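The shown structure was predicted, so the numbers you read here are calculated from the model rather than taken from an experiment. Throughout, residue positions are numbered sequentially from 1 according to the sequence presented.
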Amino acid sequence: MGRAWGFWVPLAALGFAELILAAVQLATAEHGAQGDLHADPVHRVPGGLLGPGPDPGPDPGPGGLQFLTQDQVPLPPSTYATALGWPIALAVVVALVLAGYVRAGKAPSTGRFAALVAGGVLAVPVLDLAAFGWLGLGADLRGPALATLGLVVLAWYERSVVVLVVAVVFALVAAVVLPGLGGVVLSAAILLATAFAVVAGPAKWRSRPAAATG
């Protein structure tokens, strides 16, 4: 299946998904900067699913609104774009990649195909919640962590050292060296550059080892 589909396709798909995510974050950040001029304070408690918020400051008193983010000031739209954008982007990529690999091999029955794709897509929000609940990761780290996990699984399936190296570099860039919007853009560039190099390089770069293909 790997030779018919090519591991460069998942790399390119994730790279393009990151670029779209970055564009959405930029758009929401600009919108949020304009909206902050007219925003009213909202009472929330520090810490929450969307990540830590700014310093809450003095308690505004009773009657405030408590929400998932639980910050005492409204979170900017870009925070929601990050928290929701990563799971959505990863779910779409997982669905496309699974569909491509399944179709590139021996086509299963419609029921098994639908179950496989649905299971892969549903695994994304479940793992996202687990990373928040058990590890306490913020929104800027959960997405890259899940993407790295997917790249490691792809490297194992394809028996590809190239993909494994890309997964390590991706994690370092997106989650350690440059977390946030900058890391999203740079890691997307790395994925797309790798995919292009694999396509333009020797044919052996695009195939799994003969012993692994059966």
Side-chain angles (χ1 to χ4, degrees), residues 7-36 46-55 68-69 71 73-94 96-97 124-125 127-156 160-200:
F7 65 76
W8 62 272
V9 179
L11 297 183
L14 180 57
F16 281 119
E18 282 194 290
L19 290 181
I20 295 174
L21 177 61
V24 172
Q25 289 181 359
L26 282 174
T28 54
E30 182 179 355
H31 176 74
Q34 297 174 354
D36 284 344
L49 182 60
L50 301 186
D55 185 5
L68 276 175
T69 55
D71 301 305
V73 294
L75 288 177
S78 58
T79 302
Y80 294 92
T82 301
L84 300 178
W86 267 111
I88 293 174
L90 291 177
V92 171
V93 171
V94 167
L96 292 176
V97 170
V124 173
L127 291 174
D128 184 65
L129 289 174
F132 166 71
W134 294 345
L135 302 179
L137 298 181
D140 283 340
L141 295 180
R142 293 198 305 273
L146 292 180
T148 301
L149 177 61
L151 291 174
V152 171
V153 172
L154 178 65
W156 167 80
S160 173
V161 177
V162 172
V163 179
L164 183 59
V165 171
V166 169
V168 174
V169 175
F170 178 92
L172 290 175
V173 170
V176 179
V177 178
L178 198 60
L181 181 59
V184 172
V185 175
L186 183 56
S187 60
I190 292 173
L191 292 174
L192 292 174
T194 303
F196 177 79
V198 170
V199 172

Once you round to the nearest 0.5 Å, how far does [atom1] of [X] lie from [atom2] of [Y]?
X	Y	atom1	atom2	value
Leu192	Leu19	CG	CG	5.5 Å
Trp86	Leu146	CH2	CG	9.0 Å
Ile88	Ile20	CD1	CD1	12.0 Å

Which heavy atom in [X] sits nearest to a heavy atom in [Y], and how many Å separate them?
X	Y	value
Thr148	Ala167	CG2-O, 3.8 Å
Phe7	Leu154	O-CD2, 4.1 Å
Ser187	Glu18	OG-OE2, 2.8 Å
Ala89	Ala17	CB-CB, 4.2 Å
Pro179	Ala175	CB-O, 4.1 Å
Ala147	Leu14	CB-CD2, 4.1 Å

Checklist entry - Between Leu186 and Val177, is a side-chain contact (heavy atoms from CB on, under 4.5 Å) present by the stated rule, with each step listed? => result CA-CA 11 Å; Leu186 183 56; Val177 178; over 6 Å; no
Checklist entry - Of Val97, Leu151, Val162, which is the lone residue that meets side-chain contact (heavy atoms from CB on, under 4.5 Å) with Leu11? => result Leu151
Next on the checklist: Taking side-chain contact (heavy atoms from CB on, under 4.5 Å) as the criterion, tell me which of Ile190, Thr194, Val163, Leu191 meets it with Phe170.
Outcome noted: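 The residue from Ile190, Thr194, Val163, Leu191 that satisfies side-chain contact (heavy atoms from CB on, under 4.5 Å) with Phe170 turns out to be Leu191.
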